[in-house]
There are 2 protein chains.
Amino acid sequence: MTTKQNTLFVGSLAKGLRLLRAFDESHTELSLSDLAHRSGLDKSATQRLANTLHVEGMLDKDPVTRRFRPSHAWLQMAYAYYWSDPLVGQTIPKLISLSQEIGETVNLAEMSGDHIIYVSRLPCKRTYFAATIIGRRLPALSTSAGRAMLATFPEAERIAAVDNWPIIQFTPSTTLDRNNIRGSVERAVHDGFAISTGQMILNEIGVAAPIAGHDGRALAAVQCSVSAHTWTHEQIISDLLPRIQDTANSISPSFQAQRGFYCDPAS
Amino acid sequence: MTTKQNTLFVGSLAKGLRLLRAFDESHTELSLSDLAHRSGLDKSATQRLANTLHVEGMLDKDPVTRRFRPSHAWLQMAYAYYWSDPLVGQTIPKLISLSQEIGETVNLAEMSGDHIIYVSRLPCKRTYFAATIIGRRLPALSTSAGRAMLATFPEAERIAAVDNWPIIQFTPSTTLDRNNIRGSVERAVHDGFAISTGQMILNEIGVAAPIAGHDGRALAAVQCSVSAHTWTHEQIISDLLPRIQDTANSISPSFQAQRGFYCDPAS
DNA sequence: TTCATGGTATTATAATATGATACTTGAAGC
DNA sequence: GCTTCAAGTATCATATTATAATACCATGAA
């Protein structure tokens, strides 16, 4: 094993990254053997790599339980990311204004392959934990932001995406029917925004407007999540949507580099 | 070079991490040779490691400029971190309430060695970019949060910290005089909170209250940044402080694991 | 054109990571 | 209190793997 490609690929580094990826929402604190199991590496390899990550400050180690946890370095990586993403700098102040204005949670989402990722979040109301923290990746087809962005893609791409991109059922009302999703996306093509209901959590409504790229193709979106208990569809359209769209339109991704698409190293 | 310790230390992995650390606020997009220079590795090593990081999805590569940038994976690491930090989950809802109540930017800071790191931020007003994003690490002695936490440490530790921990001058009014800082910390011991003025940016006032740990020692703090143009010292004490302290006191770090302190692998 | 810089590809070499094994610790069960 | 087991730690001979020198190929400047 270990050989993925040759000579330009450093296996040990890749294995180390596998250890980092072993941590997620349901695996927050891992023992050596947990790490070994989850990464698929043997005990010795795990031992050496985990120790290296610990010495280098990427993993904290509880001196008594001997379990590993993500260190503060993981947050510093987000810090570095923010500076490198040209969109974030000009978007955050506008998101702040928007959230103050409408008093609801607003997010900046970006396309990341066939998923979206929440890059910036400004929670205003109490809500479930995952909705308040950045870096969450969700299947694009199941989110208002994903559909709003996809709607700006050329028709052939849209069709292919709706047919092939992944969907996961989060709630009983998560849409699994791809024809249904196609309808939602095509409506967004016409309307210039997307609305979704109860996709990630029940009684949650998402509204999203795309941030147009240089060629019209959106790689980001301004998104807003509200409760179906306090907002009707009509109120959202009349009170929320205009401000969300204004915000999205005021952001010009000058030169927006592609993200999430690999440039094949073999080219 | 390369040998740091033996047999339990995987050099290639450590070198790969050095490439990741080459990115920061002023180095957001690096070419192969930039990476080589900044990491101190030779051209070949940089090539192999950077390629590996790219293939593994940790670095995006602009197909035309051939420059590398942090990928979305860097945000996902923050996501995993949040789940692993036991404080964040119970703190965020309370920070949201607090920020809605006072209408000012509130932060959750944690001690990270001799620095503090902003773990969670809820910006309410337009401010400078670095103050709106998470993961920023600052010398503890130069921040209200750092001083508030330090004030909960045993006297001997406080003294040593004020004498030895690093200070960097950010503004003309950043306090460089350690006696002055000692005064501020000792005042915080008595008051149970810390206030600082113009340490990171001019006309900015920081107020912080410690979140007590199981043994009284605080490893986190609730912090609030306001403008000296709109708030007087007295107003802050009477209007802001009580609510900040209430919030901090309502958070019980049940069992708070140590962070940022290495448990010596040789032990 | 030539030169220089930066990125890419190849290769022989040995240094490095490997993983089997043995040792240590501590908690669970009897 | 003793045994057992699982999990963490340490060691070491081996060859697999990373290395770094070099050559190659673009691109842009002089």
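Below, chain A is the first sequence line, B the second, and so on; all start at residue 1.
Computed from coordinates, the B/Leu8 CG to D/dC12 P distance equals 12 Å when rounded to whole Å. In this structure, B/Asp42 places its CG atom 15 Å from P of D/dA18, rounding to the nearest Å. Between B/Phe68 atom CZ and C/dG7 atom P the separation is 8 Å, expressed in whole Å. In this structure, CG of A/Asn51 is placed 14 Å from C1' of C/dA17, rounded to the nearest angstrom. Atom CD of A/Gln47 and atom C1' of C/dC23 are 12 Å apart (whole Å). Between the CG atom of B/Asp62 and the P atom of C/dG6 there is a distance of 17 Å, given to the nearest Å. One atom, CZ of B/Arg48, and another, C1' of C/dT8, lie 13 Å apart when rounded to the nearest Å. One atom, CG of B/Leu59, and another, P of C/dG7, lie 14 Å apart when rounded to the nearest Å.
Partners of A/Arg121 under the salt bridge (Lys or Arg N to Asp or Glu O under 4.0 Å) rule, at least two apart in sequence or in another chain, do not exist in this structure. Listed by chain and residue number, B/Asn164 satisfy the side chain to side chain contact (heavy atoms under 4.5 Å, CB included) test with B/Ala160 (two or more places apart in sequence, or in another chain). For B/Phe170, the ring pair (Phe, Tyr, Trp, His ring centres under 6.0 Å) criterion is met by no residue, not counting sequence neighbours. Not counting sequence neighbours, A/Tyr82 has no partner by the ring pair (Phe, Tyr, Trp, His ring centres under 6.0 Å) test. Residues satisfying the salt bridge (Lys or Arg N to Asp or Glu O under 4.0 Å) criterion with B/Asp34, sequence neighbours excluded, are B/Arg67.
Of all heavy-atom pairs between B/Thr152 and B/Ala218, the closest is OG1-N, 2.8 Å.
Considering only side-chain N and O atoms, A/Lys15 lies under 4.0 angstrom from the phosphate OP1 or OP2 of C/dT18.
With both ends at atom P, the span from D/dT14 to C/dT13 equals 22 Å, rounded to whole Å.
Residue A/Ser44 has its side chain nearest to D/dA10 when only C/dA17, D/dT19, D/dA10 are considered.
With ring centers used as reference points, B/Trp83 lies 6.0 Å or more from A/Phe23.
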Report, one pair per line, the protein and nucleotides 5-8 of chain D atoms (nitrogen or oxygen only) whose separation is under 3.5 Å.
unit_1: D/dG8; atom_1: OP1; unit_2: A/Leu32; atom_2: N; d: 3.2
unit_1: D/dG8; atom_1: OP2; unit_2: A/Ser33; atom_2: N; d: 3.0
unit_1: D/dG8; atom_1: OP2; unit_2: A/Ser33; atom_2: OG; d: 2.7
unit_1: D/dG8; atom_1: N7; unit_2: A/Lys43; atom_2: NZ; d: 3.2
unit_1: D/dG8; atom_1: O6; unit_2: A/Lys43; atom_2: NZ; d: 3.2

